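Working notes, structure below.
Small disclaimer: the values here were computed from a predicted structure and weren't measured.
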Amino acid sequence: MEYQIKNISPNNLEQCIKCTICTVYCPVLAVNPDYPGPKQAGPDGERYRLKNPEFYDAALKYCLNCKRCEVACPSNVKIGDIIQTARIRYDKRQVSLRDRMLASTDFMGKMATSMSFIVNTALRIPLTKSVMDFTLGIDHHRNFPTYSSETFESWMRRKAPDQSRFPRRLSYFHGCFVNYNNPALGRDFVKLMNAIGYGVSLLEKERCCGVAKIANKMVDEARRDARLNIGSIRKAVSRGQQVIATSSTCVFTIRDEYPHLLDVDNADVRDSILLATAFLNRLVDEGRVKLVFRKDYRRRITYHTPCHMQKLGWAIHSVSLLRSIPGLTLVPLESSCCGIAGTYGFKKENYAYSQAIGRELFDRIIEAGVDLVATDCETCKMQIEMSTGVKVENPVTILAEALDVEATMKANGVK
């Protein structure tokens with residue numbers, strides 16, 4: 001028995017029963033015959049790699065790290081973690097300039113927001129896209145998100161004095177997309193939290209959650225940023241504050257990928273890190289807060305479950321909150337991968353696979369005839385908007401738009 005306990009790997013590969021359910025649910029294998037699939041790339045391949053690293057297959061780069069294989073696995077094998085760990089450990093290729101640029105979201109964001117008009121204009125020009133395609137390998141079909149002229153952090157620092165009047169406080173992990181590309185989502189989050197009586201603080205320091213750096217093998221940089229983020233989160237938790245994010249991928253990365261892939265311990269604060277809709281829906285369910293919505297709000301919406309949201313098991317929170325809006329018609333949408341997987345879909349060699357993976361989802365959204373798609377993932381937003389022409393918003397923005405702020409504040413005794 002003692003031998004068996006010692007013989008168990010951190011990723012539980014010994015528990016694989018070779019049922020191939022993970023292979024059935026893999027979105028990559030369905031469109032890319034060069035990818036060996038999660039079973040072969042994961043537990044099967046790892047048994048060989050442990051004997052000899054030369055058994056590493058470069059085709060593992062096609063893995064999205066969507067975690068759908070892990071959701072489907074009946075034996076709780078951490079298949080995605082096995083594959084990502086193998087890429088980190090055995091892939092000796094140098095990180096390219098393109099991959100470094102795509103993964104360095106804070107650096108690129110700071111540069112772009114300082115000259116946002118020029119950058120946004122340049123990234124829309126076909127010639128610029130063609131040059132980037134030829135020189136960097138960023139596919140010319142891909143649309144880039146626009147950059148804001150003011151970061152969310154700058155706006156938030158101006159609003160900080162207003163937040164101190166609330167007796168209850170929480171800290172907000174806003175992430176790079178909110179900070180540099182979509183500050184409006186951050187403002188909507190503050191509006192929503194203030195209406196139910198919570199003041200919002202920035203973390204002492206914050207860097208990108210690290211998902212892009214992990215995917216692009218910049219592990220040392222990702223680990224450095226993870227340690228800084230966890231240090232800031234610990235300080236917020238020590239003050240009695242929960243740490244809330246609006247990105248499902250940020251939450252998933254901080255809670256699960258830090259210890260699994262980066263060896264950054266977060267056990268003491270993991271349960272204090274929540275997605276905004278999970279935090280809010282629990283408060284509503286427990287009767288601790290009330291939401292009052294505008295009587296004139298009318299929308300026909302569908303909800304797309306991001307892959308990392310499915311792994312967290314928290315889609316129910318976003319859906320429940322959307323269903324609570326009286327004037328909203330929520331059209332059911334079967335869960336499937338959109339195919340972008342962060343920086344994956346920007347790369348020329350992956351673009352066709354990325355679009356093929358998402359094609360079924362795009363067709364369903366178009367057929368649904370909705371005004372808007374709701375999703376908790378920023379790169380899903382980019383992919384769906386580009387591929388369907390339908391506008392996409394975070395559930396937090398939809399809730400903030402539909403909210404009767406004065407009535408909600410009154411219902412929660414907020415002055």
(request) Walk me through it: do Glu349 and Arg98 pass the test salt bridge (Lys or Arg N to Asp or Glu O under 4.0 Å)? (result) CA-CA 12 Å; Glu349 66 271 24; Arg98 175 200 64 184; 2.9 Å; yes
(request) Would you please test Arg169 and Ser164 for side-chain contact (heavy atoms from CB on, under 4.5 Å) and show each step? (result) CA-CA 8 Å; Arg169 303 291 294 274; Ser164 61; 4.2 Å; yes
(request) Not counting sequence neighbours, which residues clear salt bridge (charged side-chain N to carboxylate O under 4.0 Å, His left out) with Lys61? List them please. (result) none
(request) Decide if atom CD of Gln40 counts as having more than 12 heavy atoms of other residues, nucleotides or ligands within a radius under 6.0 Å. (result) no
(request) Answer yes or no: is there a side-chain heavy-atom contact under 4.5 Å between Asn143 and Lys129? (result) yes
(message) Give me the atom names and distance for the closest heavy-atom approach of Met309 to Ser248.
(response) SD-CB, 3.9 Å
(message) For a 4.5 angstrom cut-off between non-hydrogen side-chain atoms, does Arg224 reach Arg207?
(response) yes
(request) Examine distances only and state if a side-chain atom of Asn194 and a backbone atom of Tyr198 form a donor-acceptor pair shorter than 3.5 Å. (result) yes
(request) Would you give the length of the straight line joining atom CG of Asp371 to atom CZ of Arg299, rounded to the nearest 0.5 angstrom? (result) 6.0 Å
(request) Kindly determine whether Ile230 and Ile254 satisfy side-chain contact (heavy atoms from CB on, under 4.5 Å), including the steps that lead there. (result) CA-CA 8 Å; Ile230 290 298; Ile254 296 170; 4.1 Å; yes
(message) Please tell me whether Gln310 and Thr305 have a donor and an acceptor in their side chains that are separated by less than 3.5 angstrom.
(response) no
(request) Could you pull out all residues at least two apart from Val392 that satisfy side chain to side chain contact (heavy atoms under 4.5 Å, CB included)? (result) Val373, Thr375, Lys381, Ile384, Glu385
(request) Taking all heavy atoms of Thr253 and all of Cys209, pick out the closest pair and write down the distance. (result) CG2-O, 3.6 Å
(message) Checking the side chain of Gln163 only, and the main-chain atoms of Val200 only, is there a donor and an acceptor separated by less than 3.5 Å?
(response) yes
(message) Contact between Leu312 and Leu275 at the side-chain level, heavy atoms closer than 4.5 Å - yes or no?
(response) no
(message) Does any part of the side chain of Leu328, heavy atoms only, come nearer than 4.5 Å to the side chain of Phe293, both counted from C-beta?
(response) no
(request) Would you sort out whether Phe279 and Phe189 count as a ring-ring contact (aromatic ring centres under 6.0 Å, His included), showing the intermediate values? (result) CA-CA 12 Å; Phe279 173 71; Phe189 173 74; 8.2 Å; no
(message) Is any side-chain heavy atom of Ile365 closer than 4.5 Å to one of Leu361?
(response) yes
(request) Verify the distance criterion only: is there a donor paired with an acceptor across the side chains of Glu206 and Ser232 at less than 3.5 Å? (result) no
(message) For the backbone of Cys208 and the side chain of Asp106, can you confirm whether one donor and one acceptor N or O come within less than 3.5 Å of each other?
(response) yes
(message) So does Ala411 get a backbone contact from the side chain of Lys290, meaning a donor-acceptor N/O pair under 3.5 Å?
(response) no
(message) Going by salt bridge (charged side-chain N to carboxylate O under 4.0 Å, His left out), name the residues that satisfy it together with Lys78, two or more places apart in sequence or in a different chain.
(response) none
(request) Of all the heavy-atom pairs spanning Cys377 and Thr249, show the shortest one and how long it is. (result) SG-OG1, 4.0 Å
(request) Using a cut-off of 6.0 Å, state whether more than 12 heavy atoms not belonging to Tyr25 lie near its atom OH. (result) no
(message) Donor-acceptor check, side chain of Asn350 to backbone of Gly345, threshold 3.5 angstrom: yes or no?
(response) no
(message) Suppose we screen for ring-ring contact (aromatic ring centres under 6.0 Å, His included). Which residues come up paired with Phe55, at least two apart in sequence or across chains?
(response) Tyr48
(request) Taking the side chain as every heavy atom from C-beta outward, state whether Asp139 and Asp133 have any atom pair closer than 4.5 Å. (result) yes
(message) Donor-acceptor check, side chain of Arg100 to backbone of Asn216, threshold 3.5 angstrom: yes or no?
(response) no
(request) Verify the distance criterion only: is there a donor paired with an acceptor across the side chains of Thr277 and Ser318 at less than 3.5 Å? (result) yes
(request) Identify the heavy atoms of Val31 and Ala356 that sit nearest to each other, and give their distance. (result) CG1-CB, 3.8 Å
(message) Pair Met382, Cys338 - check side-chain contact (heavy atoms from CB on, under 4.5 Å), show working.
(response) CA-CA 10 Å; Met382 297 179 208; Cys338 78; over 6 Å; no
(request) For Gln355 and Arg142, test the side chains for any donor-to-acceptor distance below 3.5 angstrom and give the result as yes or no. (result) yes
(message) If you count every heavy atom of other residues, nucleotides or ligands that lies below 6.0 Å from Lys311 atom NZ, does the total exceed 12?
(response) yes
(request) Determine yes or no for a side-chain-to-main-chain donor-acceptor pair under 3.5 angstrom, with Arg288 supplying the side chain and Leu283 the backbone. (result) no
(request) Over all heavy atoms of both residues, which pair between Tyr56 and Ala86 is shortest? Give the atoms and the distance, please. (result) CE1-O, 3.7 Å
(request) Run the numbers on Ser116 and Tyr180 for side chain to side chain donor-acceptor pair (under 3.5 Å), then give the verdict. (result) CA-CA 10 Å; Ser116 59; Tyr180 303 115; over 6 Å; no
(message) Could you check whether any side-chain N or O of Tyr351 sits under 3.5 Å from a backbone N or O of His140, counting only pairs where one atom can act as donor and the other as acceptor?
(response) no
(request) Measure the OG-CG distance between Ser324 and Asn281 for me, rounded to the nearest 0.5 Å. (result) 8.0 Å
(request) Would you name the heavy atoms of Cys22 and Ile79 that are closest together and state the gap between them? (result) CB-CD1, 3.7 Å
(message) Please tell me whether Glu221 and Ser104 have a donor and an acceptor in their side chains that are separated by less than 3.5 angstrom.
(response) no
(message) Can a donor-acceptor pair be found, under 3.5 Å and without considering hydrogens, that links the side chain of Glu378 to the backbone of Phe177?
(response) no
(message) Is it true that, when you exclude Glu286 itself, more than 12 heavy atoms of the residues, nucleotides or ligands shown sit nearer than 6.0 Å to its CD?
(response) yes
(message) If the condition is salt bridge (charged side-chain N to carboxylate O under 4.0 Å, His left out), which residues does Arg255 pass it with, not counting sequence neighbours?
(response) none
(message) Side chains of Thr146 and Asn120: any donor to acceptor distance under 3.5 Å?
(response) no
(message) For a 4.5 angstrom cut-off between non-hydrogen side-chain atoms, does Met386 reach Ile340?
(response) no
(message) With ring pair (Phe, Tyr, Trp, His ring centres under 6.0 Å) as the rule and sequence neighbours excluded, what pairs involving residues 327-350 come up?
(response) Phe144-Phe346
(message) Checking side-chain polar atoms at under 3.5 Å, does Thr85 have a donor or acceptor matched by the opposite partner on Arg49?
(response) no
(message) Whether the Asn65 and Glu257 side chains hold a donor-acceptor pair (N or O, under 3.5 Å, no angle test) is what I'd like checked.
(response) yes
(message) Checking Val211 against Thr343 for the side-chain contact (heavy atoms from CB on, under 4.5 Å) test, could you report, in this order, the C-alpha distance in whole Å, the side-chain angles of both residues, the deciding distance, and whether it holds?
(response) CA-CA 9 Å; Val211 65; Thr343 64; over 6 Å; no
(request) If the plane angle is over 60° it's perpendicular, under 30° parallel, otherwise tilted; pick one for Tyr62 and Tyr353. (result) perpendicular
(request) For Thr20 and Thr23, indicate whether the former's side chain and the latter's backbone hold a donor-acceptor pair under 3.5 Å. (result) no
(request) Quickly, which of Lys213, Lys217, Lys347 forms a salt bridge (Lys or Arg N to Asp or Glu O under 4.0 Å) with Asp99? Name it, please. (result) Lys347
(request) Report yes if some heavy atom in the side chain of Val370 is under 4.5 Å from a heavy atom in the side chain of Ile301; otherwise report no. (result) no
(message) With a sphere of 6.0 Å drawn around CD of Glu406, does it hold more than 12 non-hydrogen atoms of other residues, nucleotides or ligands?
(response) no
